[in-house]
Each structure stands twice: as C-alpha cells, then as structure tokens.
Amino acid sequence: QVQLVESGGGLVQAGGSLRLSCAASGRPFTNYAMAWFRQAPGKEREFVAAITWSAFSKTYADVVKGRFTISRDNAKNTVYLQMNSLKPEDTAVYYCAAAPYVGTKSAEYNSWGQGTQVTVSS
C-alpha cells in the first residue's frame, strides 16, 4: 500500500479558499487513482473528488462541483484539492485515498491518509 499524508486544513471564513495537499510515498504514485473524501461529525464519509493516474479524467460530487478542483503532480507524488467559495457545510475532516482504479465509493480505496480538519465559519 501507498502511504498518504494530508496537509493544508484550517479555519477559514465562508467564501474563502483553502488548498489541501496529500503527499504519497512507498509505491509508484502513477499506479494509483486518487480521491478526496470528507466526514463531518455524526455523518458518514462522503466522496468529494477523484482523479485518474494521468489526470485525464476528474470526477466531482455535485455539492462541490464548480467550487473545488482536484489536481495532481506526478513528479511530486502529490494530489491537491483547491477549495473555493467555501461554505459552513463544507466543514469536515478531509481524507485522501488511493486505489488502482478511480471510483466514488470509499470501499474502492485501500490506502488512506490520517485526515486534515477543515472548518468554515459563517
């Protein structure tokens, strides 16, 4: 499995922006599709965005489409999540995940980071 470490979370006002990063190590980064999920208190983990190994295809949850952008830099073994126009309902712990093939279900991913907290104040 690949090891994943997220960073970039924090506290931001509604309407603001944050960029999350997820650094991968241990296995060739281009072997993996990458995704971001999030989990708010008392709620199930939900899909946010995913990207294929080549970045040719990107998929977004409807609730973030047009506001969030997923990208990756294979030379740096890093995947990013640029989050703009943040809303209080975006508050959650954000996790990056890796899998051999891209998908939108958490069960499809077998490597996970420890998560980074994003808090959006109103």
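Within the structure, disulfide bond (SG atoms under 2.5 Å apart) contacts touching residues 38-78 (residues at least two apart or in different chains) do not occur. For residues 37-92, the ring-ring contact (aromatic ring centres under 6.0 Å, His included) pairs, not counting sequence neighbours, are Phe37-Phe47, Phe37-Tyr109, Phe37-Trp112. Legend: disulfide bond (SG atoms under 2.5 Å apart) pairs involving residues 26-89, not counting sequence neighbours: none detected. Within the structure, disulfide bond (SG atoms under 2.5 Å apart) contacts touching residues 24-63 (residues at least two apart or in different chains) do not occur.
Considering every non-hydrogen atom in both Asn77 and Asn74, the closest pair reads OD1-O, 3.2 Å. The nearest pair of heavy atoms linking Arg67 to Asp90 is NH1-OD2, 2.7 Å. Counting all heavy atoms, side chain and backbone alike, Glu6 lies closest to Trp36 at CG-CZ3, 3.9 Å. Of all non-hydrogen atoms in Gly103 and Glu108, the two that sit nearest each other are CA-OE1, 3.3 Å.
By the side chain to side chain contact (heavy atoms under 4.5 Å, CB included) test, Val63 pairs with Arg38, Ala61, sequence neighbours left out. Among residues two or more places apart in sequence or in another chain, the side chain to side chain contact (heavy atoms under 4.5 Å, CB included) test is passed with Gln117 by Thr91, Val93, Thr119. When the side chain to side chain contact (heavy atoms under 4.5 Å, CB included) test is applied to Ala98, the partners found at least two apart in sequence or on another chain are Val2, Leu4, Tyr32, Met34, Ser111. Contacts of Lys65 classified as side-chain hydrogen bond (donor to acceptor under 3.5 Å, both in side chains), with partners at least two apart in sequence or in another chain: Asp62.
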### Query
Can you check side chain to side chain contact (heavy atoms under 4.5 Å, CB included) on Gln39 and Tyr94, steps first, answer last?
CA-CA 7 Å; Gln39 187 166 19; Tyr94 283 71; over 6 Å; no
### Task
Tell me, with the steps shown, if Val79 and Ile51 meet side chain to side chain contact (heavy atoms under 4.5 Å, CB included).
CA-CA 9 Å; Val79 63; Ile51 187 168; 4.2 Å; yes
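Summarising the geometry, atom OG belonging to Ser106 is positioned 8.5 Å from atom CD belonging to Glu44; distances are rounded to the nearest 0.5 Å.
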List the atom pairs, with distances to 0.1 Å, where a side-chain N or O of residues 10-30 and a protein N or O form a donor-acceptor pair under 3.5 Å, not counting sequence neighbours.
from  : atom 1 : to    : atom 2 : distance (Å)
Ser17 : OG     : Asn84 : OD1    : 2.9

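For Lys76, the NZ atom is loosely surrounded, since the number of other residues' heavy atoms within 6.0 Å does not exceed 12.
A donor-acceptor pair is defined here as one N or O able to donate and one able to accept, closer than 3.5 Å; such a pair exists between the side chain of Thr52 and the backbone of Ser57.
Side chains of Arg72 and Thr78 form no contact here, defined as non-hydrogen atoms less than 4.5 Å apart.
Residues Met83 and Val48 share a single hydrophobic cluster, defined by chaining ILVMFWY side chains whose heavy atoms lie under 4.5 Å apart.
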